[in-house]
Structure formats: C-alpha cells, structure tokens
Trainee: 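Let me give you the structure first, and then I'll get to my questions.
Ligands are counted one by one from 1 in listed order, and the atoms in each one are counted from 1 as well.
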Amino acid sequence: MADQSTQQPGMLLIISGPSGVGKTTITRAIERSEVGSVFSVSVTTRPKTKDDCDGVDYRFVTEDEFQAMVDGDELLEHADVFGNKYGTPRDWVLEHLNQGRLVILEIDVQGATQVKAKLPDAYAIFILPPSEGVLLERLRARKREDEAAIQRRFAEAKREIEQARSGDVYDAFVVNGDRERAIAEVQDLVHKARAARAGAAPVSE
Ligand code: 5GP
C-alpha cells in the first residue's frame, strides 16, 4: 500500500491511451494502491457489453439523457468516441477534489484537452504501447471484433497517439510493455505530482 494520505490536497489524475494499450488495468491498479483515490464513473451512450457493470465501469444512459446533461451543463467534459458519446459528471469530480481525494479520470485525448483547459492543475498521463506491432497484436488478442473493426481501432489508435504527442496536454508518457513496471512508473509519477501540489519535496527521485 502506498504512503498517500487523504490529508493531501485533492488531485485530478487523467489517464488516456489508445484501445488495447492496457490503460484500464493500470487505472484500476492505481485506484487500489492509492489511499483516498476514487474512479470517476463516466456516462456513456454506448451499448453495455457483458463485461460492463452499470454504475461501476460506466453509467449507461440514452441519447436524450446524455443531451439533457450537456444542456444542463452537468459535464466537466464530453466527447464523441467511435460514434458514441462519453462524459464526466462535473459536480461529483469537484466534490471529491474538495475532499482532498485523488480523482481518476480515464478519458480520451479530446476530453483530456477540455479538462486541462478548465482545471490546468490536473495531471495527465498518456499510456503508450511498446510498438505499433504489439498494439495490433493486443487488439487481435482481445477477440472482441472482426479484422475490419480491429484495423479501424488500430488506425484510430495511431491517430490518437500522434495527437497526444503533438499537443501539450500530457505531463508524462508511460510505455506499457511490462504491466507491473508500467503500474510502478505511474504510481511514482502520481506520488511526485501529489507531493509537488502539497508543496513538499518529492518522496523519492
Ligand atoms: P470504451 O467504450 O472502450 O470503454 O472506451 C472508449 C474510449 O472512450 C476510451 O478511449 C476511453 O478512455 C474513452 N472514455 C471513456 N470515458 C470517457 C469520458 O467520460 N470522456 C471522454 N472524453 N472519453 C471517455
């Protein structure tokens, strides 16, 4: 268990990365290891799959419900990803930040850009595959889609990586080759970022 205290000021942690890069595994590992951390459950219009748990992975809503949240200015950010809408409920995030929590958002580059514009103190990490070839293998290994859909995701992943690299939204890039090593690297970055926000010296260099 990491030495993180809920007495520290809240921090918004954004984790992004292309499909198949393993960001959900990393995100959930950070949620478990960091005391005082909470995962922001996004709302989405995408159909629920058998692997999804409503209210835990996402809150599944209709197009009308989503639009009502946009019109009511209830979302911190929202974006269209692969033809479906995704958004982050704003009040929930702000409440938990005010309580000194580490609030984790697993969102795409468009969403990260919007959040950074509103809350520049957010800390954003982009997870990279070790190579394009490995990413393609991982997308195929999930056995979720046919080859045409895999190729579309692969093209989208390459575009997203390019977009993330060319912008100034991300504070750090972590390569997920070895899963445990990538988790440790993200933990270390998070500890340093929280310590910096607390005005203390980083715990370790
Ligand atoms: P999936 O449907 O495969 O879980 O997620 C598809 C993509 O949507 C991923 O890149 C994921 O990070 C992104 N995503 C999930 N929730 C949100 C959100 O609330 N806002 C934004 N902008 N992207 C999201």
Side-chain angles (χ1 to χ4, degrees), residues 12-31 38-63 65-70 72-97 103-119 122-129 135-136 138-146 149-165 167 169-170 172-174 176 182 186:
L12 193 53
L13 172 65
I14 299 170
I15 297 188
S16 308
S19 305
V21 82
K23 62 183 181 298
T24 304
T25 307
I26 294 174
T27 303
R28 293 300 187 175
I30 296 300
E31 186 193 2
V38 281
F39 177 78
S40 163
V41 179
S42 297
V43 287
T44 184
T45 61
R46 91 146 157 72
K48 183 175 173 293
T49 68
K50 63 172 174 42
D51 298 328
D52 291 316
C53 182
D54 196 2
V56 175
D57 300 304
Y58 287 104
R59 220 179 95 206
F60 295 90
V61 296
T62 63
E63 289 276 345
E65 286 167 337
F66 192 94
Q67 194 53 48
M69 294 181 91
V70 173
D73 198 22
E74 292 174 36
L75 300 177
L76 179 60
E77 61 74 36
H78 60 95
D80 239 287
V81 187
F82 300 119
N84 296 307
K85 297 187 175 95
Y86 294 81
T88 303
R90 189 189 50 211
D91 288 355
W92 189 93
V93 168
L94 297 183
E95 248 168 56
H96 286 83
L97 279 178
V103 180
I104 308 170
L105 308 185
E106 189 190 318
I107 61 176
D108 82 329
V109 179
Q110 306 168 72
T113 308
Q114 294 171 44
V115 173
K116 272 280 195 156
K118 289 180 185 166
L119 301 169
Y123 187 73
I125 300 176
F126 192 89
I127 310 295
L128 289 166
L135 182 64
L136 186 55
R138 287 185 189 166
L139 287 172
R140 287 187 173 134
R142 301 197 301 182
K143 294 191 168 47
R144 284 193 204 162
E145 295 159 317
D146 61 21
I150 289 169
Q151 289 297 338
R152 276 200 302 278
R153 278 204 190 265
F154 184 50
E156 177 60 26
K158 287 193 280 188
R159 200 190 57 76
E160 201 172 5
I161 291 169
E162 190 46 46
Q163 204 184 343
R165 277 210 165 113
V169 166
Y170 292 94
F173 290 81
V174 170
N176 185 15
V186 172

Trainee: Between Phe173 and Phe126, how do the two ring planes meet: parallel, tilted or perpendicular, split at 30° and 60°?
Mentor: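 Answer is tilted, since the angle falls between 30° and 60°.
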Trainee: When you compare the side chain of Val174 with that of Asn176, does any pair of heavy atoms fall below 4.5 Å?
Mentor: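 Counting from C-beta outward, Asn176 and Val174 never come under 4.5 Å.
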Trainee: Tell me which protein heavy atom sits closest to atom 23 (N) of ligand 1, plus the residue, atom name and distance to 0.1 Å.
Mentor: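 So the nearest neighbour among protein heavy atoms is Asp108 N, 3.2 Å.
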Trainee: Which of the numbered atoms in ligand 1 are below 4.0 angstrom from a heavy atom of Lys23?
Mentor: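 Result: 9 (C), 10 (O), 12 (O).
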Trainee: Under 3.5 Å, side chain of Ser42 to main-chain N/O of Tyr86, donor-acceptor pair present?
Mentor: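 No.
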Trainee: Mind checking whether Arg59 and Thr44 have side chains closer than 4.5 Å, heavy atoms only?
Mentor: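 No, every pair of side-chain atoms sits at 4.5 Å or beyond.
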Trainee: For ligand 1 and Arg46, I'd like to know whether there is a polar contact (N/O to N/O, distance under 3.5 Å).
Mentor: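 Yes; at least one N/O pair falls below 3.5 Å.
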Trainee: Among Ala157, Pro89, Ser42, Ala112, which one has a heavy atom closest to atom 19 (O) of ligand 1?
Mentor: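 Among Ala157, Pro89, Ser42, Ala112, the closest heavy atom to atom 19 (O) of ligand 1 belongs to Ser42.
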Trainee: When you measure from the heavy atoms of Gln110 to every atom of ligand 1, does any distance fall below 4.0 Å?
Mentor: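 Not so, Gln110 does not reach ligand 1.
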Trainee: Considering distance alone, does some N or O of Glu160 sit under 3.5 Å from an N or O of ligand 1?
Mentor: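 No - when backbone and side-chain N and O of Glu160 are compared with those of ligand 1, no distance drops under 3.5 Å.
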Trainee: Considering Thr88, Leu75, Val81, Thr27 one by one, which has a heavy atom nearer to atom 7 (C) of ligand 1 than any of the others?
Mentor: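 Closest candidate by heavy-atom distance is Val81.
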Trainee: Taking the six-membered ring of Phe39, is the NZ or CZ of Arg28 close enough (under 6.0 Å from the centre) and on axis enough (within 45°)?
Mentor: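 Satisfied, under 6.0 Å and within 45°.
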Trainee: For ligand 1, is there an N or O atom under 3.5 Å from any N or O atom of Arg153?
Mentor: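 No, Arg153 has no N/O under 3.5 Å of an N/O on ligand 1.
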Trainee: Considering both backbone and side-chain atoms of Tyr58, is one of its nitrogen or oxygen atoms within less than 3.5 Å of a nitrogen or oxygen in ligand 1?
Mentor: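 By distance alone, the answer is yes.
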Trainee: Give the atoms of ligand 1, by number and element, whose distance to some non-hydrogen atom of Gly111 is under 4.0 Å.
Mentor: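 Those atoms are 22 (N).
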Trainee: Is there a side-chain contact between His78 and Phe66 (heavy atoms, below 4.5 Å)?
Mentor: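 Heavy-atom side-chain distance check passes, below 4.5 Å.
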Trainee: Of the protein's non-hydrogen atoms, which lies at the shortest distance from atom 6 (C) of ligand 1, and what is that distance?
Mentor: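 Looking only at protein heavy atoms, the one closest to atom 6 (C) of ligand 1 is Tyr86 OH, 3.6 Å.
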Trainee: Who's the nearest protein heavy-atom neighbour of atom 20 (N) of ligand 1, and how far?
Mentor: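 Here the closest protein heavy atom is Glu77 OE2, 2.8 Å.
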Trainee: Of all residues at least two apart in sequence or in a different chain, which pass the salt bridge (Lys or Arg N to Asp or Glu O under 4.0 Å) check with Asp108?
Mentor: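 Checked Asp108 against salt bridge (Lys or Arg N to Asp or Glu O under 4.0 Å); zero matches.
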Trainee: Protein heavy atoms near atom 3 (O) of ligand 1, is at least one of them under 4.0 angstrom away?
Mentor: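 No.
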Trainee: Please report whether ligand 1 has a polar contact with Phe82, defined as an N or O pair separated by less than 3.5 Å (distance criterion only).
Mentor: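 In this structure, Phe82 places no N or O atom under 3.5 Å from an N or O of ligand 1.
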Trainee: With atoms numbered from 1 as shown, which atoms in ligand 1 lie under 4.0 angstrom from a non-hydrogen atom of Gly87?
Mentor: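 Per the distance check, 18 (C), 19 (O).
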Trainee: Numbering the atoms of ligand 1 from 1, which are under 4.0 Å from a heavy atom of Ala79?
Mentor: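 In order of numbering, the contacting atoms are 22 (N).
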Trainee: Can you check whether Thr24 reaches Asp57 side chain to side chain, under 4.5 Å on heavy atoms?
Mentor: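 Heavy-atom side-chain distance check fails, nothing below 4.5 Å.
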Trainee: Whether Asp51 and Arg142 form a salt bridge (side-chain N of Lys/Arg under 4.0 Å from carboxylate O of Asp/Glu) is what I want to check.
Mentor: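 Not counted as a salt bridge, because no side-chain N and carboxylate O are separated by less than 4.0 Å.
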Trainee: Any donor-acceptor pair under 3.5 Å linking the side-chain atoms of Ser19 with those of Glu156?
Mentor: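 Not at all, the side chains of Glu156 and Ser19 share no donor-acceptor pair under 3.5 Å.
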